[in-house]
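Here's the structure, in structure tokens; my notes come after.
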Amino acid sequence: MAFLKIRALYTPALAFLLFLAACGNTPGDSQRSAAEGDPAFAALNDSIRKYPENGALYLRRATRLTLINAHDLASADFKKAWSLEPSVETALPYAANLRILGKDSERLDLLRAGSERFPANAQLQRLLGDAYSGNGNQDMALQQYRQILNGNPNDFETWYEMALLQEQLKDTAGAISSLQKAYGLKKVATYGLELAHPYA
């Protein structure tokens, strides 16, 4: 009898919780509905169904998903595009996507692979240094920046990135030297302002 009373009390509460769960929308649901409701996505979805091995289609959809902040869905498409047709044009936005999602280890793996595949691309090489730093491996980040500069000592962006890392590591002398080189190669106002900080 007591069991029946307890059951009678909990049944409406359980039903209410199930109702709330059924009505609740997760962020992923709202992202999917936004994508499905847009005619541009409908066309892309149809094309992908017809040509599932076309990496450019996944990249295009990922880019559009990014514009509506559907980063999780975009990530899956970036990953597919990269697996089908690895390119710098895919690696760069995919790395940005992984950074937004806080997937630092995946970002590092992607940038390692991208840097090996496209060693001449300075932006990928610099991003690899940033990824090492973001994963707490400052020594590897410095090594990466120095490796880039050994090949191209006039790469002012790498001098600047290395200076910022040296500042974080409290290497004031190194940061000043790197900033001087960056500013000497490119008179960017940001570099000049950054150079004033260590002196101060």
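- Using a 4.0 Å cut-off between a side-chain N of Lys or Arg and a carboxylate O of Asp or Glu, Asp104 and Arg107 do not qualify as a salt bridge.
- Side-chain contact between Arg60 and Ser47 is absent, with no heavy-atom pair separated by less than 4.5 Å.
- You'll find the side chain of Glu106 stays beyond 4.5 Å of the side chain of Leu101, heavy atoms only.
- Distance check, rounded to the nearest 0.5 Å: CG of Leu185 to OH of Tyr160 gives 15.0 Å.
- Closest approach of Ala182 and Trp159 over heavy atoms only: CB-CB, 3.8 Å.
- Between the CG atom of Leu128 and the CD atom of Gln144 there is a distance of 4.0 Å, given to the nearest 0.5 Å.
- Checked by atom type and distance alone, the side chain of Thr90 never pairs as donor or acceptor with a backbone atom of Pro86 at under 3.5 Å.
- Side chain of Ser75 to backbone of His71: no donor-acceptor contact under 3.5 angstrom is found.
- The two atoms that bring Leu124 and Gly114 nearest to each other are CD1-O, 3.7 Å, heavy atoms only.
- Hydrophobic clustering of Ile, Leu, Val, Met, Phe, Trp and Tyr side chains at less than 4.5 Å, counting indirect connections, keeps Leu165 apart from Tyr132.
- Between the side chain of Ser177 and the backbone N or O of Ala173, no donor-acceptor pair lies under 3.5 Å.
- Grouping the Ile, Leu, Val, Met, Phe, Trp and Tyr side chains by contacts below 4.5 angstrom, directly or via other members, places Phe118 with Leu108.
- Not one N or O on the side chain of Asn97 forms a donor-acceptor pair closer than 3.5 Å with the backbone of Pro93.
- What you find for Ser133 and Ala141 is that their closest heavy atoms are N-CB, 3.8 Å.
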I would like to know whether Arg126 and Asp155 meet side chain to side chain contact (heavy atoms under 4.5 Å, CB included); could you show each step before the answer? CA-CA 10 Å; Arg126 279 193 297 273; Asp155 186 345; 2.9 Å; yes
Asn54 vs Ile48, test: side chain to side chain contact (heavy atoms under 4.5 Å, CB included). Steps then yes/no. CA-CA 7 Å; Asn54 187 328; Ile48 287 170; over 6 Å; no
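- The two atoms that bring Lys80 and Pro52 nearest to each other are CE-O, 4.4 Å, heavy atoms only.
- With a 6.0 Å radius and a threshold of 12 heavy atoms from other residues, nucleotides or ligands, Lys187 has its NZ atom above the threshold.
- Using a 4.5 Å cut-off on side-chain heavy atoms (C-beta onward), Leu179 and Glu167 make contact.
- Leu65 and Tyr58 are not part of a single hydrophobic cluster, where members link through side-chain heavy atoms under 4.5 Å apart.
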Candidate pair Leu127 and Leu92, rule side chain to side chain contact (heavy atoms under 4.5 Å, CB included), full reasoning: CA-CA 9 Å; Leu127 284 173; Leu92 293 174; 3.6 Å; yes
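- With a 4.5 Å cut-off on side-chain heavy atoms, Leu142 and Leu169 count as touching.
- For the pair Asp139 and Gln143, the minimum side-chain heavy-atom distance is 4.5 Å or more.
- No side-chain heavy atom of Leu59 sits under 4.5 Å from any side-chain heavy atom of Glu85.
- Taken to the nearest 0.5 Å, the CG atom of Asp171 stands 9.5 Å off from the CD1 atom of Ile176.
- With hydrogens and angles ignored, the 3.5 Å screen pairs no side-chain donor or acceptor of Trp82 with any backbone N or O of Gly55.
- In this structure, the side chains of Tyr183 and Val188 stay at 4.5 Å or more apart for every pair of heavy atoms.
- Taking CE of Met140 as the reference point, atom CD of Gln138 lies at 12.0 Å (rounded to 0.5 Å).
- Remark: Arg64 does not engage Asp77 in a salt bridge, criterion side-chain N to carboxylate O under 4.0 Å.
- Hydrophobic clustering, with ILVMFWY side chains joined whenever heavy atoms are under 4.5 angstrom apart, groups Val88 together with Phe78.
- Hydrophobic clustering, with ILVMFWY side chains joined whenever heavy atoms are under 4.5 angstrom apart, keeps Ile100 apart from Leu73.
- Using a 4.5 Å cut-off on side-chain heavy atoms (C-beta onward), Leu98 and Tyr94 make contact.
- Gln125 places a side-chain N or O within 3.5 Å of a backbone atom of Ser115 that can act as its donor or acceptor partner.
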